Q: 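This structure is in structure tokens; I'll ask about it shortly.
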Amino acid sequence: MLDKILFLLCLASALADERCMPDTPHGFQVRLSIKTALGDEAYVWNENEMFLFRASLAFAMRNHMNGQQFEVSNIIVCNETMRVSFWFIVTSPLDTSQLIDQENVEAAIRQSRNRINSAFLLTDKTLEFVDILPTLATLYTHPTPPWLIVFGVVMGAVGAGIIIMLVSSVVQKKRKTNGKPQDKDDDEETRVKTVENGDAHDGVHNMSFSEDERFTKM
Amino acid sequence: STSYLAALDKEISERPKWDNKVQYLLTCIGFAVGLGNVWRFPYLCQTYGGGAFLIPYLIALVLEGLPLLHMELAIGQRLRLGSVGVWNSISPYMGGVGVASMMVSFLVGMFYNMILAWILWYFFHSFQNPLPWRDCPVNLNHTAYISECEKSSSVNYFWYRETLNITPNIQTSGSLEWWLVLCLASAWCFVYIGFVRGIETIGKAIYATVTFPYLVLTIFLIRALTLPGAADGLVYLFTPNWDTLKNPEVWLDAATQIFFSLSLAFGGLIAFSSYNAQKNNCERDALIVGCVNSFTSIYASIPIFAILGFKANENYNTCQNWNILQLTNAFNIGDENITVENYQDWFNQLNATDPSEVESLDLKTCDLHTFLEQSASGTGLAFIVFTEAVINMPGSQVWAVLFFIMLFCLGLSSMFGNLQGVLTPLMDLHLIPTWMPKEIFTGLICLAAFTISLIFTLGSGNYWLEIFNNYIGSMPLLIVAFFEIITVVYIYGINRFNDDIEWMTGRRPNIYWQATWRFISPLMLLVVFVAYVVMQAEKSPTYSAWNPDYVYFPLAEVLPYPGWVVAICGLLSAIPVISIPLVALYRFICFLKNYIKTRHNPNPYANDVSSGDL
């Protein structure tokens, strides 16, 4: 009986690992904003969800450190709050007294971030690993910038319009010149007539003779 | 002599004319209604006490805007010539006024089209999802966003870096940005296609370019009024703050705004009205154009401010949500337990229990008013403030496309007026060789303007555009307008002018027109001009530069203009204006030469040939 109690106490203390504490140098803090992400369809955070988290983290560690068989028990969680936030550390599967250092844990999480997110229907923002910057999504670079395509279409239309306008004005002018030779002849005749009759705009008005013309001095 | 008769026949039969009255009115309205109605008037309204600004604005319209407008339309219609011809025929000594108008029109046309090129650039980029100004680009090793973008904002970065590729100061010219050259070429192609045969093609183009902006404004009005936060923006805009009326700067700005808004003194209005039949009611036309222009300004400011209110609301919510997140994370409170509504209660509670922790969070003070005050005018409004607002509207691409098409149409119809103010005088002066068809001549004008305006596609182009905008599009116009009204009223003669108008419209202008033409408008112009000069002289010439290496970046670095730039500014203001005394001097010298000749060699056969054969 006493053995069993002792064994349970040891187990309990192993689970409540003192190495897992806020601001631990070996682990990270996690924050989940389930209501923000899912609104009405938010699920309740409970032990099962925590189990899923530890399992997905173990999966991430396995992916990153090939060969090492991480189990759910290697992920130790503590300081769970109402926020839903908690701290976790990762122990080595080969030796539970050894902790995996932060760089490896961070690299593992970075590698499998998408998978962890989708397990919880969350995003980089709503499933936040404090101090692990999300990999920034690069803007999709198009093979041809779309603005050049729009530019090509618009300028093609405008260019066609300009050509049509210029061609139509040339055609109009040709039509006019075909009709003009007859008009020109008429103009020439009338102009010749006015010249013969004495164009008042021609030459300089000679003052010395003009008065005699108006008043005949007898 | 035969060629003179032929030319006279040609002139009477071939002077272009409007297809109908609606075309003429729409073109004048299109010229007057431009980008300033959308992005300068709402800013002035907001800065100068909202609804209270309407009072100095309407007073300036009635005492200064309408009389000058009526005078320009009447004189062009009566004398049937462009700006140079009109002032030459009133008095050869005042021919310089027309030359000044023509030069200002050409210079303004050059930089105005650069703005249209920018609008086209944004238009071409509005067909993407997501809009390119929504996100900051990532740096080369994908570890963080580009620092220039992160420190300012994605819309600022897209405008200053990806569009302008702006240099840190005006001395650094940078190189020709090829994408801007492409957009500028396209803008000039658009202008050419409308302008190619003068008013024959302009008259057709303006049916679309003048009516479309009103359609878009109405659509925006309906959409904007349904956005959350629109009411805040509108209340802020229209709540009158009567104290601002005591500030003389408000009255000065109202007078200059109405003056530039109506596009007076460019010679474009004279050119347009010169193609009218002489018996046309120009008084009613002036009233229509003036009132429609002011109505458009007020009508445009409603959706603009509704959208600005929406943007301020979004910023306010973002600010508050950030505060909420900080509190939630620090105190590990349940997600979404703190909301905007109960934020204050939670804050008080937490501050009472743990003030030091709350202090360490550095919570921001979120004030809706601060966000509402962050407005801008000019390119800042269109390319920074509005683009940011449009990101948050559902269906952003549609709104962006509509907005930029509207701006483009507004600018294009103003460009037609600018260029017509150059073309008509050149045609009336018979400076076009007869063998050259009109299409080629308009093409040459567009090509020349395009080549010179390549300056604005440099890295420092935006700084140069500001200079052109401030020093050409302001003082020279005031001087030209002052000389215009003095010439008409005192040299041409107000009585002769009244007779002309009575002959054209059937009614003699009433006491309102007489009082404003003779005294009030010239006096107002003089006061505005003097006040403008005084205010410019008080400010040392500086400009705001975008310098990513500046200590206080993203605040703009205020730099003084270097000496050679100040000299260029002076030249830009002086050269159009200097033509007024120069032409008068030239004519006087010709007159003296003739006088001396006739005194020394009296020729009995010579009749009095008048000088000034233009």
Side-chain angles (χ1 to χ4, degrees), chain A residues 29 31-37 39 42 45 79-86 126 128 130 133 135-142 145-155 157-159 161-162 164-166 169-170 173 187-188 190-192 194-195 199-208, chain B residues 1-6 9 120-130 132 134-139 141-145 179 182-183 185-190 192-194 196-197 200-201 321 325 328-337 401 437-440 443 603-607 609:
Chain A
Q29 187 182 17
R31 276 197 207 117
L32 290 104
S33 313
I34 308 172
K35 265 205 210 138
T36 312
W45 186 260
N79 272 77
E80 218 178 311
T81 67
M82 283 278 296
R83 167 73 177 82
V84 190
S85 73
F86 47 85
T126 40
E128 191 187 345
V130 179
L133 301 168
T135 45
L136 301 167
T138 52
L139 300 170
Y140 174 61
T141 46
H142 306 84
W147 78 269
L148 276 179
I149 298 175
V150 182
F151 168 78
V153 167
V154 168
M155 285 320 292
V158 170
I162 291 180
I164 290 173
M165 296 223 85
L166 292 177
S169 61
V170 166
K173 285 238 167 72
D187 279 347
E188 281 291 341
T190 50
R191 257 180 252 136
V192 164
T194 48
V195 167
D199 192 349
H201 295 277
D202 237 348
V204 168
H205 189 70
N206 195 338
M207 295 291 269
S208 43
Chain B
S1 65
T2 53
S3 58
Y4 177 81
L5 267 184
D9 282 339
L120 269 185
W121 165 264
Y122 270 83
F123 169 72
F124 292 147
H125 278 82
S126 302
F127 290 93
Q128 289 172 335
N129 186 31
R134 191 190 72 173
D135 302 313
C136 270
V138 179
N139 66 11
N141 24 6
H142 297 234
T143 50
Y145 296 116
W179 57 92
L182 274 186
C183 289
S186 352
W188 276 110
C189 285
F190 269 104
Y192 180 60
I193 204 175
V196 64
R197 285 204 279 265
E200 293 164 33
T201 41
N321 283 332
L325 195 64
T328 311
N329 285 348
F331 290 97
N332 285 319
I333 305 161
D335 183 28
E336 301 250 316
N337 277 6
V401 165
K438 199 195 270 191
E439 290 83 354
I440 296 190
N603 183 354
Y605 304 122
N607 59 351
V609 178

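Protein chains get the first letters and strands the later ones, always in sequence-line order, with residue 1 at the start of each. Computed from a predicted model, the values in this text were never measured in an experiment.
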Q: Identify which part of A/Ser169 has an atom lying under 4.5 Å from any heavy atom of chain B, answering side chain, backbone, both or neither.
A: both
Q: Find the distance between OG1 (B/Thr328) and CZ (A/Arg31) and round it off to the nearest 0.5 Å.
A: 9.5 Å
Q: In terms of heavy-atom proximity below 4.5 Å to chain A, should B/Asn329 be classed as side chain, backbone, both, or neither?
A: both
Q: What is the distance from atom CG of B/Leu182 to atom CG of A/Leu148, rounded to the nearest 0.5 Å?
A: 7.5 Å
Q: If you count heavy-atom pairs under 4.5 Å between each of A/Thr36, A/Leu166, A/Val153 and chain B, which one has the most?
A: A/Thr36
Q: Is A/Met155 in contact with chain B via its backbone, its side chain, both, or neither, using a 4.5 Å heavy-atom distance?
A: side chain
Q: How long is the gap from CZ on B/Phe124 to CD1 on A/Ile149, to the nearest 0.5 Å?
A: 12.5 Å
Q: Indicate yes or no: does A/Arg83 engage B/Glu336 in a salt bridge with an N to O separation below 4.0 Å.
A: no
Q: Side chains of A/Met165 and B/Arg197, heavy atoms from C-beta outward: is any pair under 4.5 Å?
A: yes
Q: Would you mind checking which part of A/Val154 comes under 4.5 Å of any heavy atom in chain B, side chain (CB onward), backbone (N, CA, C, O), both or neither?
A: side chain
Q: Measure distances from B/Ile193 to the heavy atoms of chain A and classify the residue's part below 4.5 Å as side chain, backbone, both or neither.
A: both
Q: Can you tell me how far CG of B/Asp335 sits from CG of A/Leu32, rounded to the nearest 0.5 angstrom?
A: 9.0 Å
Q: Decide if the gap between the ring center of B/Trp121 and the ring center of A/Trp147 is smaller than 6.0 angstrom.
A: yes
Q: Using atom types as modelled and distance alone, determine if a side-chain donor or acceptor of B/Asn332 lies under 3.5 Å from a backbone N or O of A/Thr81.
A: no
Q: Tell me, for A/Ile162 versus chain B, whether the close heavy atoms (under 4.5 Å) come from the side chain, the backbone, both or neither.
A: both
Q: Of the backbone (N, CA, C, O) and the side chain (C-beta and beyond), which part of B/Ser126 lies under 4.5 Å from a heavy atom of chain A, both, or neither?
A: neither
Q: Name the region of A/Val158, side chain, backbone, both or neither, that has any atom closer than 4.5 Å to a heavy atom of chain B.
A: both
Q: Answer with side chain, backbone, both or neither: which region of B/Ile440 has an atom nearer than 4.5 Å to a non-hydrogen atom of chain A?
A: neither
